[in-house]
Amino acid sequence: MAIEVDLTGSVVLVTGGVRGVGAGISRVYQEAGAQVVVCARRPGEAPIESSGRTADYLPCDVRDAEAVDGLVDTIVERYGRLDHVVNNAGGAPFAPTATASPNFHTKIIGLNLIAPLLVSRAANAVMQRQESGGSIVMISSVSGHRPSPGTAAYGAAKAGVDSLVSSLAVEWAPKVRINSIIVGMVGTESSHLHYGDEEGIAAVERTVPLGRLATPEDIGRVAVFLSSPLAGYVNGGSLIVHGGGERPAFLDAANADFANG
């Protein structure tokens, strides 16, 4: 029996939805029939288009509470509703914790923890007034659940996101469902910044049990599922999407004969 997700008629906000993982998420929602609104501080190089639909771009710095309120107000004025939000905006450059400035750490936590809280809070105010309520998906990271050297503040912020989800799921139910996706390594146009050249990327892929990095669309399909009626009883959850994780280092370091053990 085929089960298809149809979000026709719904309005979805994807923060940071103009490039990378966010663009892939946006395209999958378009393929599911939704009207997608993407926000970022700057537009992408090209409009986000899929299945004959073009995403509506609105500029916004999601770290600015007033700008976020204005963003959500504009969406409601333009479309009359806001059904789903994907808090995707985030990230962090590599920076040793001891030498990075206090301001750097503050900005990383602001973007990756405070910003999704601000967006979720503004969206919830709208969704609580809607008969159909709404859903919110947080894009979290495996960095919040394992050591994250060089991106320690980012990992701490993502751990905070998953904690936030568990609390808001209680506060905002039954009108609003909120869940997170704990994302592993994803291949994007910026992969070389994290993993190096093609040889480096291939070497990293070999550490993943499924043998490849995720695509942005892989993450988008999980987000669409969590927004859909198929996940109607999923609330306060954190779904791990990492291809099986990373090969434990001890397997390569140990000299035991695992093949014949």
Side-chain angles (χ1 to χ4, degrees), residues 3-5 7 12-17 19-32 34 36 38 48 50 84-92 111-113 115-116 119-120 135-148 151 154-166 168-169 177-191 193-195 201-202 204-248:
I3 300 177
E4 296 183 2
V5 174
L7 297 180
V12 182
L13 168 63
V14 181
T15 69
R19 58 180 60 84
V21 174
I25 292 171
S26 298
R27 285 190 288 267
V28 176
Y29 274 93
Q30 288 174 325
E31 291 164 6
V36 175
V38 296
I48 303 300
S50 186
H84 310 290
V85 169
V86 182
N87 278 300
N88 165 76
L111 176 61
N112 291 282
L113 177 57
V119 174
S120 298
S135 75
I136 298 170
V137 176
M138 302 284 208
I139 302 302
S140 185
S141 171
V142 294
S143 294
H145 298 268
R146 56 131 167 90
S148 187
T151 54
Y154 171 80
K158 289 301 188 180
V161 163
D162 295 319
S163 175
L164 183 66
V165 162
S166 66
L168 297 184
R177 293 185 301 107
I178 181 166
N179 297 284
S180 67
I181 304 174
I182 300 175
V183 177
M185 295 181 289
V186 184
T188 70
E189 64 269 27
S190 301
S191 291
L193 299 176
H194 302 282
Y195 313 123
I201 292 172
V204 170
E205 288 182 319
R206 289 193 292 272
T207 70
V208 181
L210 287 186
R212 66 176 179 86
L213 303 180
T215 67
E217 287 74 18
D218 285 327
I219 309 307
R221 284 187 282 272
V222 177
V224 164
F225 161 72
L226 288 173
S227 296
S228 77
L230 295 176
Y233 202 65
V234 182
N235 187 36
S238 294
L239 183 54
I240 301 173
V241 182
H242 61 7
E246 301 166 47
R247 178 180 171 84

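We're numbering straight along the sequence, starting at 1.
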Could you tell me which non-hydrogen atom of [X] sits nearest to which non-hydrogen atom of [Y], and how far apart they are?
X	Y	value
Gly245	Pro209	O-CD, 3.0 Å
Gly24	Pro216	CA-CB, 3.7 Å
Leu113	Val161	CD1-N, 3.7 Å
Ile136	Ser120	CG2-OG, 3.7 Å
Ser26	Gly17	OG-O, 3.3 Å
Asn112	Gly90	OD1-CA, 3.2 Å

How about [X] and [Y]: do any of their side-chain heavy atoms sit closer than 4.5 Å?
X	Y	answer
Asn87	Val137	no
Ile182	Leu239	no
Val36	Val14	yes
Val224	Val12	no
Tyr29	Leu7	yes

Between [X] and [Y]: side-chain donor-acceptor atoms closer than 3.5 Å:
X	Y	value
Ser50	Glu31	yes
Ser166	Ser163	no
Ser140	Asp162	yes

Flag, side chain of [X] to backbone of [Y], donor-acceptor distance under 3.5 Å:
X	Y	answer
Thr207	Glu246	no
Lys158	Ile139	yes
Tyr195	Gly187	no
Ser148	Thr151	yes

Sequence-distant partners of [X], side chain to side chain contact (heavy atoms under 4.5 Å, CB included), two or more places apart:
X	result
Leu111	Val62, Arg63
Val165	Met138, Ile178, Ser180
Ser135	His84, Arg177, Ser227
Arg19	Glu189

Inset, instruction - Quick one: which residue pairs count as a side chain to side chain donor-acceptor pair (under 3.5 Å) with a foot in residues 208-217, not counting sequence neighbours? - result: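 Residue pairs with at least one partner in residues 208-217: Arg27-Glu217, Arg212-Asp218, Thr215-Asp218.
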Inset, instruction - Could you check Val86, Asn88, Val222, Ile25 and say which one makes a side chain to side chain contact (heavy atoms under 4.5 Å, CB included) with Ile181? - result: Val222
Legend entry - Residue among Val142, Val208, Ile201 satisfying side chain to side chain contact (heavy atoms under 4.5 Å, CB included) with Met185: Val208
Legend entry - For Glu205, side chain to side chain donor-acceptor pair (under 3.5 Å) partners two or more places apart: none
